[in-house]
Amino acid sequence: MANESQSRTARRNQMKASKKKKGKPLFKKILLTILIVGLVLMIGTGGLFAYYISSAPKLDESQLSTPFSSKVYDMNDNLITDLAGAERRTKVTYDDLPPVLKDAVIATEDSRFYDHIGIDFRRIVAAVGANITSGFGAEGASTITQQVVKRSFLTSKKTIERKVQEQYLAIKLDQEYSKEKILEMYMNKIYYGAGAYGVAEAAKTYFGKENLNELTLPQAALLAGLPQRPSAYNPLENPDLAKDRINTVLNLMVMHGKISEEEAEEARKTNVEDMLNKTEAEKQKTPYDAFIKKVKKEVEAKMDGADIFKDGLKIYTTLDPKAQESVEELLSSDGPISWPDDELKTGVAVTDTKSGAIRAIGGGRDYQGSDLNYATEITRQPGSTFKPIMAYGPAIQYDKISTYHQIKDEEYEINGKEINNFDNRFRGWVSARYALSRSLNIPAMKTMQEVGMDKAEDFASGLGISYNNSNIVPVDAIGGNIGVNPVQMAGAYAAFGNEGVYNEPYTVRKIEVPGEDTLDTKSEPKSAMDSYTAYMISDMLQTTMSEGSGQAANVSGLPEAGKTGTTNRGDTAPDSWFNGYTTNYSISIWTGYNDMKGLSQAGKDIPKQIFKPLMTQLSEGKETADFNKPESVVQVEVEEGSRPAKLPSSNTPQSRIVTELFHVDNQPSKVSKTFKQLDPVNSLTGKYNEGSNSIDLNWSYGDTEDVSFQVSVSIDGGDYRELTTTKDKSASVSNVQQGATYQFAVKAVSDSGEAESSESTGERVQVPGVQGNPLETPEEESPDEEPSTEEPSEEEEQAPEENNEDAPANEEDTPPEENTDEEPPSPEEGNEEGNENNQGDNGEEGNNQESENQGSENSGNNSENGNSEGSEDSNNEETPEEPAPEQPNTDEQEPTEEAA
């Protein structure tokens, strides 16, 4: 038992010893691994840094003092400008720099400039700490020497490679050149804003001073502070920020013992505007300033803060010099536009409809680079130019409404507020086409409410218009709750002309970065709507140009679409817009005042006055295709006034037929019954009553509610004239002429005018014997009434008893065209046969002069009774006085004027 216990103790001790032996080699292995990894990393990092250094550019003295500016090219890759143009480069030597300027620069940029070796290790350590806590690139440690190197050979891109090369070249530059020479290089190379490269040019631009020794302390402080953020601290544009920067520089100069606190306090009292020479600054103008200003902002946005004035880029833009020059000429004080006053402002944007490329920017009248760019930097309400974007576009896209879609223009309130049209009138039921082309407010707001606010917002978002989670309200249909600028509106409208494809407007096509790849910066096309929506909106906006609110801007012969817009604030209109486009160009123009005061009528008309000559010049010599109608859109004839849309019937008057656009899946199929035609009368008979010397007419008809019967007659081939209109189915004609041939026409007419009259039914009656008395005014008589016993006139007794039987048969039965625009009536076939028999009975030759005279008298009576008035209004369904009746529908030829 004891031996067994001793054995267990020995085994435990042996296990402990074994563990100790195993633990020591493991620790050593870990330590060794760390050392190896560290060594590898050091070797790798050293090798990488060695590679970076070996690939660093050589120091080229010719580049050390030359501004590292960018070059800008137009749409055809032709150089527009070198932003540090040779004519604006004024070099200075170290001796030209006054002590106050050198002290201000060194205190601000590199307080140990004269002590370090090109790089400042103390600043590097501080920067590393900031980069660890806030991310790489959070804080820089660049000395003046490093800035010279970076602006001469490197880009502003924040990478380890660039930083290693920058520090290596800075040490090398410090070894090869004196501190004085390096400071001289810096002062000649730095960009100071307002297009000024180098301190000499900056002093001239801002203060009008050629001699740097004339600079005051606050002026020197401003120049020292500008290079950090030239645009932000530009005193011409941002005097308040410039003042803050001056104070910062003065504090640094006090801190580093360059000036006393008393000197700083005195300098702080200086007003920034008082020390500027604005006249000299206005002379410094870059070609196409408004366009270049947009290019600068676009490069900064797309290249994470890159600066076109400092980074030596090659920027290929979308600029069309011809278009830009046309815009600048129109906005010039010496141009063709008659400006109502000097305070009126305007902005113009021209984009390519298909690509979104900005071809020209009119930043304002006689634009200078320091001015507010009214094409890109304003946010003004768009007024009625938003109606296609917020109302009719969404309604067509989501609900597939037609251009005929009916909306009632009537009294209308939103949240208790009465809404009016521009002329305070209501037009009742109108089509979408009419409402948009005449810029009616109430139908637009109703349309947006019908389609839904959310859908309207989605549609606008697809066109680059963002509400940023604002609540959409009906007034947004007329642009009352958002601010936009001409570049945005030109891009949005271009999508309508580009079959629904939207391209965000852009000025930069590509950017070449020195030593790096070329960056493609063109916009990506996006589908904003279906092609049927784009086409139908464009078609309606063409109506706006041809007969609506945009007529003054219409360019004859050019397929274009456009929309006017004004905004209202109380009783004034502070904004006026015109947006118009073809398949080649989209143009947006805004006019207004900075203080939002109301525009005169002359001010409101300015956008249209600019658009017409501008679009004319842009389109000259260039083929402009019409808008392409997709297969999803059909043209349909509909009966005007039908609700919902109905097809016209065969009886619909041509004046009541309109052609509108419908989506192929939502076109009308029902035929309108508004203009139905009444059935013709049946069984028309005419009988001569010898006892009363009269002719009795009788006919039959179905339902006679709302129906009357119009009876007309022609005697011996003379003109038809109306005898009577009666509710009865019979009529009687007294005192008929002996031996005369009477041709009657009877048709059913609508009492309410809601149906077309029937075709005429004809009946011929031959009166036997010699001619009797002329036809008297017809009246409905009793069959028992005594016949007339009037003696024939002396003229009638002397007239030869001839029956006018030599007149052609076709002259007897068919009235002439004179005094009627109506179609001839169609008698029944049986009546036609009777007519033929009557013609056979009257086949003897001879001339009845008395009958001809009598026909002339009747014709005269017709004229006196208003027959000519009836012919002027032949389409009027109401019964005029003595209208010219329709002719019986026979197959015989009409008589000539001579025969009549």
_Please determine whether salt bridge (Lys or Arg N to Asp or Glu O under 4.0 Å) holds for the pair R569 and D575, giving the CA-CA distance in whole Å, both sets of side-chain angles, and the decisive distance to 0.1 Å._
CA-CA 9 Å; R569 176 169 292 186; D575 304 282; over 6 Å; no
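- The number of heavy atoms from other shown groups lying within 6.0 Å of CG (D423) is above 12.
- Sparse packing is recorded around CD of E524, with 12 or fewer heavy atoms of other residues, nucleotides or ligands lying under 6.0 Å away.
- The two atoms that bring I537 and P388 nearest to each other are CG2-CB, 4.1 Å, heavy atoms only.
- Of the candidates S586, S384, S588, N579 forms a side-chain hydrogen bond (donor to acceptor under 3.5 Å, both in side chains) with just one, namely S588.
- Atom NZ of K629 has more than 12 neighbouring heavy atoms from other residues, nucleotides or ligands inside a 6.0 Å radius.
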*Starting from the C-alpha separation in whole Å, work towards a yes-or-no answer on salt bridge (Lys or Arg N to Asp or Glu O under 4.0 Å) for K522 and D520.*
CA-CA 6 Å; K522 295 191 293 292; D520 186 343; 3.2 Å; yes
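- Counting heavy atoms from C-beta outward, P668 and P644 have side chains that stay 4.5 Å or more apart.
- Of all the heavy atoms in S402 and M536, the pair that sits closest is CA-CE, 3.7 Å.
- In this model, no donor atom of one side chain and acceptor atom of the other lie less than 3.5 Å apart for T353 and N584.
- Among all heavy-atom pairs drawn from Y593 and G598, the shortest one is CE1-O, 3.8 Å.
- Atom CG of D74 sits about 8.0 Å away from atom CG of D320, to the nearest 0.5 Å.
- Annotation for K417: atom NZ does not count as buried by contact number, only 12 or fewer foreign heavy atoms lying within 6.0 Å.
- Closest heavy-atom contact between Y367 and L372: CE1-O, 3.5 Å.
- Both tests do not hold together for K526 against Y502: distance to the six-membered ring centre under 6.0 Å, angle to the ring axis within 45°.
- Relative orientation of the W590 and Y374 rings is parallel, given thresholds of 30° and 60° on the angle between their planes.
- Tested against E410 for a salt bridge (charged side-chain N to carboxylate O under 4.0 Å, His left out), the candidates K446, R427, R425 yield a single pass: K446.
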*Apply the test ring-ring contact (aromatic ring centres under 6.0 Å, His included) to residues Y532 and Y535: give CA-CA distance (whole Å), side-chain angles for both, the deciding distance (0.1 Å), then the verdict.*
CA-CA 5 Å; Y532 66 82; Y535 180 77; over 10 Å; no
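- Using a cutoff of 4.0 Å between basic side-chain nitrogens and carboxylate oxygens, E377 and K297 are scored as salt-bridged.
- Note on ring orientation: taking the six-membered ring where Trp is involved, the planes of F627 and Y581 are perpendicular (angle over 60°, cut-offs 30° and 60°).
- Residues G362 and L331 approach most closely at CA-CD1, 3.7 Å, considering heavy atoms.
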*Using the salt bridge (Lys or Arg N to Asp or Glu O under 4.0 Å) rule, take K400 and D530 through it: C-alpha gap first, then chi angles, then the decisive distance, then the call.*
CA-CA 11 Å; K400 296 181 180 178; D530 288 304; over 6 Å; no
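- The aromatic rings of Y73 and Y316 lie parallel to each other, with less than 30° between the two planes, well short of the 60° mark.
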